[in-house]
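Read through the structure below, which is laid out as structure tokens, and then see the notes.
Basis for what follows: all heavy atoms, side chains included, without hydrogens, waters or symmetry-related copies. Letters A, B, ... are given to chains in the order of the sequence lines, protein chains preceding strands, and every chain is numbered from 1.
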Amino acid sequence: MRSSNYLLATLKETPSDAEIVSHQLMMRAGMVRKVASGLYTWTPTGLRVLRNVERIVREEMEAAGAIETLMPMVQPADLWQESGRWQDYGPELLRLQDRNQRDFVLGPTHEEVISELVRKEVSSYKQLPLNLFQIQTKFRDEIRPRFGVMRSREFIMKDAYSFHIDEASLEQTYQVMFKAYQTIFSRLGLDFRPVIADTGSIGGNLSHEFHVLAESGEDAIAFSDSSDYAANVELAEAIPSKDKADPATATMEEVETPNAKTIQALVEQFGLAIEKTAKTLIVHGVNENGDASGLIALMVRGDHELNDIKASKLPQVASPLTFANDDEIRAAVGAGPGSLGPVGLPLPMVVDREVAVMSDFAAGSNKDGYHYLNINWGRDVELPAVADLRNVKAGDPSPCGKGTLDIKRGIEVGHIFQLGTKYSDMMKVGVLTESGKHQNLLMGCYGIGVSRIVAAAIEQNNDANGIIWPEAMAPFEVCILPMNMHKSARVQEVAERLYEECKGAGLNVLFDDRKERPGVMFADIELIGIPHVIVVGERNLDEGMIELKNRRSGDKEKVAIADVVQQLTATNNR
RNA sequence: CGGCGAUUAGCGCAGUUUGGUAGCGCACUUGGUUUGGGUCCAAGGGGUCGCAGGUUCAAAUCCUGCAUCGCCGACCA
């Protein structure tokens, strides 16, 4: 490609609405342009990168035995009514009507369509297992699209769906997909981790997310420092620091704390260790039928954070988790939120595992302006129900039993899970078994955020000059950068010759033949992040050399003109 | 959906307080200059100031409504 025939579309200035570095660089490098909130055009450079990601994903999916399909983005509502998700999905599902007022959706995912296909086309256990995938545009009407293509409304996803007659077959394909994902993200040159994830309301036994590690990641991941254990902080089990509480050493006393409305204030007033305090949070409760029913108190240690997901999974707690307001608390307890505690609390209570092993701790006394010091379970108040309620934090023991936890941020780029029979039951996806009986199929589902990977890769690979592509993703593997070509017939001749040679060798090459100053060209090419640059200039031509520059290391080496292309193809690892 | 903010040339912004001929930098066009890291000089093109009403002799500027975009939060998986 000659840059004079190409659309570089680079920008000097950073658009004001781009917050994170990948969004800024994708705009500046001319990879995407926003069309509306959460909707982007992929400009030529961006599309080349996107196609590289797709190519690697496709190759590895096929190598793992999956078969490519392509399903429509617009899907009829009746399929969604059949699966129940027409009701369940909420406003993220964009619904629309055709000219005959028939209802349709823009597909946020394709379980319904693939189920419809498989129930029609597959009728015997002999046709199983089957793993079908596509690389398709999805649409989710996100409440708040942000960070460019990282969280956009329209995005490209690889989604695969597998169908099985039994658990063993599902498990086997799941493991094959797990390995394929590791290969894909490794080939893409990403620093990533598989992470134990929520099986959630979907059910199923097992789920893993694949995260690219980056400061800007929207998820927090807990890692063991001594094993492979990694889990989303939302889900990581918090292990108490000891088996049981230490014996009490002091008698409980009530103290006046007129200004201590927060744990921090309480700690300062009495010079307490924050680990010797506990906070009491009041949320809405439910009865056995799941109907709203009164309030319930949750307690975590003063320096710990309540985990919303864990709390809302408790049978006594309303889901989604809803905090009581000041008036509700006052009506139920007779004191405000700053003075709550376990002693004399007229509400049902669940305490975190760590709270259950505390001794001599401080908490509110359920009277405005008073706290108790030196509370001890059993002696001063009965120990209520105990549950895992808090977020893990760095330094906690790892739930795998080995080492302690460290917390890093990650960007979710892949998610695999065993769906079980949720969709096949709803949509009657089944076959005849060996014994001639009808049986609904087990399903697995495997997603990769193709467009998000492009942004995630930039988050991990950039410097002050721009993007530094992993070679497998780079829009061009090599750029020929002639110095003042329009003044030197020699430079032009060599540049043209190398350009033809590169093309002949199958390299994706950009020939920057613009009549620009060298500084402008260097800056643009580094911004775009092309891994290898061949600098052709009068300076080295007398010796028959060019300069080969590496984007990542910045290293420059003189290479004989005759050897350059051979050297580049030898190290090419696309 | 709640809170806050923005909307003036392709991009980044000033001008709005105190109403009076539409500005700056970058980008773009032309000519010259320069030529191994975002040259310099000169000339030029480009804006119904988000939209609709209102106040006024006069509105980018004041008032009302709407739209779009963004940030924080909640929500969702």
Touch class at under 4.0 angstrom, heavy-atom based, for A/N465 against every strand present: nothing
Who is the Watson-Crick or G-U wobble partner of B/rG36, with both distances under 3.5 Å? none
What I want to find out is whether A/R452 reaches A/E459 closely enough, with some N-O distance under 4.0 Å, to be called a salt bridge. no
Base-pairing assignment for B/rU56 (Watson-Crick or G-U wobble, both under 3.5 Å): none
Measure distances between side-chain N and O atoms of A/E13 and base N and O atoms of B/rG25, and say whether any donor-acceptor pair falls under 3.5 Å. yes
Write down the distance separating the C1' atoms in B/rG47 and B/rU7, rounded off to the nearest Å. 14 Å
Looking at A/S16, does any N or O in its side chain come under 4.0 Å of the phosphate oxygens OP1/OP2 on B/rC13? yes
What contact category does A/E234 fall into here, base, sugar-phosphate, or nothing, at under 4.0 angstrom with non-hydrogen atoms? base
At under 4.0 Å between heavy atoms, what does A/E547 touch on the DNA or RNA strands: base, sugar-phosphate, or nothing? base
Can you tell me, in whole Å, how much space there is between the P of B/rU8 and that of B/rU30? 28 Å
hbond_proxy A/N484 side chain to B/rG36 base (donor-acceptor, 3.5 Å cutoff): no
Which of B/rC11, B/rC69, B/rG37 is nearest the side chain of A/K549? It is B/rG37
Just name whichever nucleotide pairs with B/rC11, Watson-Crick or G-U, keeping both distances under 3.5 Å, else none. B/rG25
Do A/F178 and A/Y446 have ring centroids that are under 6.0 Å from one another? no
I'd like the P distance from B/rA14 over to B/rC24, given in whole Å. 16 Å
What interatomic distance, in whole Å, is found between C1' of B/rA59 and the corresponding atom of B/rG53? 13 Å
pair_partner(B/rG46), Watson-Crick or wobble, both distances < 3.5 Å, evaluates to none
Options B/rC76, B/rA27, B/rA74, nucleotide nearest the side-chain atoms of A/I143: B/rA74
Taking only the P atom of each, what is the distance from B/rA9 to B/rA22 in whole angstrom? 15 Å
Any base atoms under 4.0 Å from A/G90, or only sugar-phosphate, or nothing? Heavy atoms, all strands. nothing
Sticking with atom C1', work out how far B/rC57 lies from B/rC66, rounded to a whole angstrom. 29 Å
Could you tell me whether A/R85 and A/E111 have a side-chain N and a carboxylate O separated by less than 4.0 Å? yes
With rounding to whole Å, what would you report as the distance between B/rG23 and B/rG45 at their P atoms? 13 Å
Once you apply a heavy-atom cut-off of 4.0 Å, does A/K487 come out as touching a base, just sugar-phosphate, or nothing? base
Taking pairing as Watson-Crick or G-U wobble with both contacts under 3.5 Å, can you name the mate of B/rC69, or confirm there isn't one? B/rG5
For the base of B/rG37, is there a side-chain donor-acceptor partner from A/E526 under 3.5 Å away? yes
With sugar-phosphate meaning primed atoms plus P, OP1 and OP2, does A/R140 contact a base, only sugar-phosphate, or nothing at under 4.0 Å between heavy atoms? nothing
Measure from the side-chain N and O atoms of A/S488 to the backbone N and O of A/M485, and report whether any donor-acceptor pair falls under 3.5 Å. no
Taking B/rU61 as the reference, what is the distance to B/rG25 when you measure between their C1' atoms (whole Å, please)? 23 Å
Base paired to B/rU17 (Watson-Crick or G-U; both N/O distances under 3.5 angstrom): none
Would you call A/R552 and A/E471 a salt bridge, taking side-chain N to carboxylate O under 4.0 Å as the test? no
Check this for me: does any side-chain nitrogen of one of A/D513 and A/K515 sit under 4.0 Å from a carboxylate oxygen of the other? no
